[in-house]
Amino acid sequence: MPENIAEPLLKWYDKNKRILPWRDKDNAYYTWVSEIMLQQTRVEAVKPYFQRFIQELPDVAALAAAPEERIIKLWEGLGYYSRVRNMQKAAVQVMEEYGGRMPEDFETLLSLKGIGRYTAGAIASIAYGKKVPAVDGNVLRVYARLTENRGDIMKQSVRKSVENDLTGQMSEDRPGDFNQAMMELGAVVCVPNGAAKCEECPLGHFCLARKHGTVEELPVKAPKKARTIEQRTVLVIQDGVGTAIRKRPDTGLLAGLYELPNVEGHLTEKAALARVKAMGLEPLRIEALPDAKHIFSHIEWRMCAYRIAVSSLEEAPQGEFLFVDKRESDKKYAIPSAFRTYTRYMKEENS
DNA sequence: AACCCGGGGAT
DNA sequence: ATCCCAGGGTT
């Protein structure tokens, strides 16, 4: 690691930093919320979610007191839903143990649910000016190229040595800006996909990968496991008033979110009708809907679907099912993006 | 150390 | 199709 990257880096940052809703706000809660949302998620995707979240839950106390269904709804479509559940647990902890004030110390932040080494460093440095590194994917990429380090950046050993090196680089001056500048550089100049903009880089003079023409080869990461493919059949079950949805189990994929009923495998019309009867419903008509595909990071769903009209049962609520109209669903229930093709078929309220 | 956990944009 | 994103928790 070359000496004195801080000065050119900060100079570049001051001139080129993007204006972001959570940036330069001097509010540790804003820093916290933004950092959690930004985990594995691009800035442009986060912006509208951040604004809406802060507007409804403007401080730690509001987050701690919010109903779970509501925070999940505010997170709907962002993915990795345990992020917001953990954040709320931490908010309760901050209220009870720290009087509602976000801790400033790295180790204390690290003890909170959902806050790991990166996020603790980000909050401590950005919100409180502590001299601690915040090493994310951007920083690892910049570092690997700058030093031409061919170690697997996913390994803890590499990450730990990056943290040590950076701590030596940071001045007491502006640790938060230093960390943000490293990330900003990775996000807009030393980019992950496509050609890095080395001619714009304030550290180009120091960069070993640039010097040796190896920028495209770095960073090195171990190959990831292939996705498994699952076939599913989605059932858009409708009675006189609405469409059936149900709550998913509280563990595993999309835990605790709502979904359209669906079963494993690609069912024929006949098999789908039989399945609906087995659910205690009386089918009246069936119609095939278009196929759809949804890709998670580790699973791919290949879906077929049927719209099935069933007779309304005035008495006895349908166990696990909720029959809702689209407006009520949109307002109250968080349904993951995987079902988007089929939630379009949900019934509108009669009027 | 390996695996689980979403969704979407860029190439 | 592939990559990867301002990662963290669990086992």
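Note on naming: letters A, B, ... go to the chains in the order of the sequence lines (proteins, then strands), and numbering restarts at 1 for each one. Values in this document were obtained by computation on a predicted structure and should not be read as measured data.
- Checking the phosphate oxygens (OP1, OP2) of dT2(C), no side-chain nitrogen or oxygen of Lys224(A) falls inside 4.0 Å.
- Listed nucleotides dA6(C), dG7(B), dG6(B) differ in distance to Leu253(A); the shortest reach to its side chain belongs to dG6(B).
- Side-chain proximity of Asn193(A) to dT11(B), dG7(B), dG6(B): nearest is dT11(B).
- A salt bridge does not link Lys247(A) to Glu320(A): none of the charged nitrogens lies less than 4.0 Å from a carboxylate oxygen.
- If you check dC5(C), dG8(B), dA6(C) against the side chain of Arg141(A), the one that comes closest is dC5(C).
- For Tyr81(A) and dG7(B), the shortest distance from a side-chain N or O to OP1 or OP2 is below 4.0 Å.
- Per the geometry, CZ belonging to Arg85(A) stands 13 Å off P belonging to dT10(C), to the nearest Å.
- Here Arg23(A) lies in heavy-atom contact (under 4.0 Å) with a base.
- Put simply, His298(A) has a side-chain N or O that comes within less than 4.0 Å of OP1 or OP2 on dC5(B).
- Counting any heavy atom pair closer than 4.0 Å across all strands shown, Tyr118(A) reaches a base atom.
- Looking at heavy-atom distances under 4.0 Å, Val43(A) makes contact with a base.
- A salt bridge does not link Arg85(A) with Asp250(A): none of the charged nitrogens is closer than 4.0 Å to a carboxylate oxygen.
- Counting any heavy atom pair closer than 4.0 Å across all strands shown, Gly252(A) reaches sugar-phosphate atoms only and no base atom.
- Note: Leu112(A) CG to Gln93(A) CD = 5.0 Å, rounded to the nearest 0.5 Å.
- Between Thr119(A) and the phosphate of dG8(C), there is a side-chain N or O to OP1/OP2 separation shorter than 4.0 Å.
- In this structure, the nucleotide among dG9(C), dA6(C), dG6(B) sitting nearest to the side chain of Lys113(A) is dG9(C).
- The nearest heavy atom of DNA chain B to Ala45(A) and to Ile299(A) marks one nucleotide each, and the one closer to the 5' end goes with Ile299(A).
- Between Glu348(A) and Lys326(A), none of the side-chain N atoms (NZ, or NE/NH1/NH2) sits under 4.0 Å from a carboxylate O, so this pair counts as no salt bridge.
- No hydrogens or angles considered: nothing links the side chains of Tyr118(A) and Gln39(A) as a donor-acceptor pair under 3.5 Å.
- Here the nucleotide nearest the side chain of Met183(A), chosen from dA6(C), dG6(B), dG7(B), is dA6(C).
- For Ser337(A), a side-chain nitrogen or oxygen approaches OP1 or OP2 of dG8(B) to under 4.0 Å.
- For Gln39(A), the listed nucleotide lying nearest its side chain is dG7(C); candidates were dC5(C), dG7(C), dG8(B).
- Using a 4.0 Å heavy-atom criterion, one finds that Ile36(A) contacts no nucleic acid atom at all.
- Side-chain proximity of Lys293(A) to dG6(B), dA1(C), dA6(C): nearest is dA1(C).
- Looking at heavy-atom distances under 4.0 Å, Ile153(A) makes no contact with the nucleic acid at all.
- Considering only side-chain N and O atoms, Arg83(A) lies nowhere under 4.0 angstrom from the phosphate OP1 or OP2 of dG9(C).
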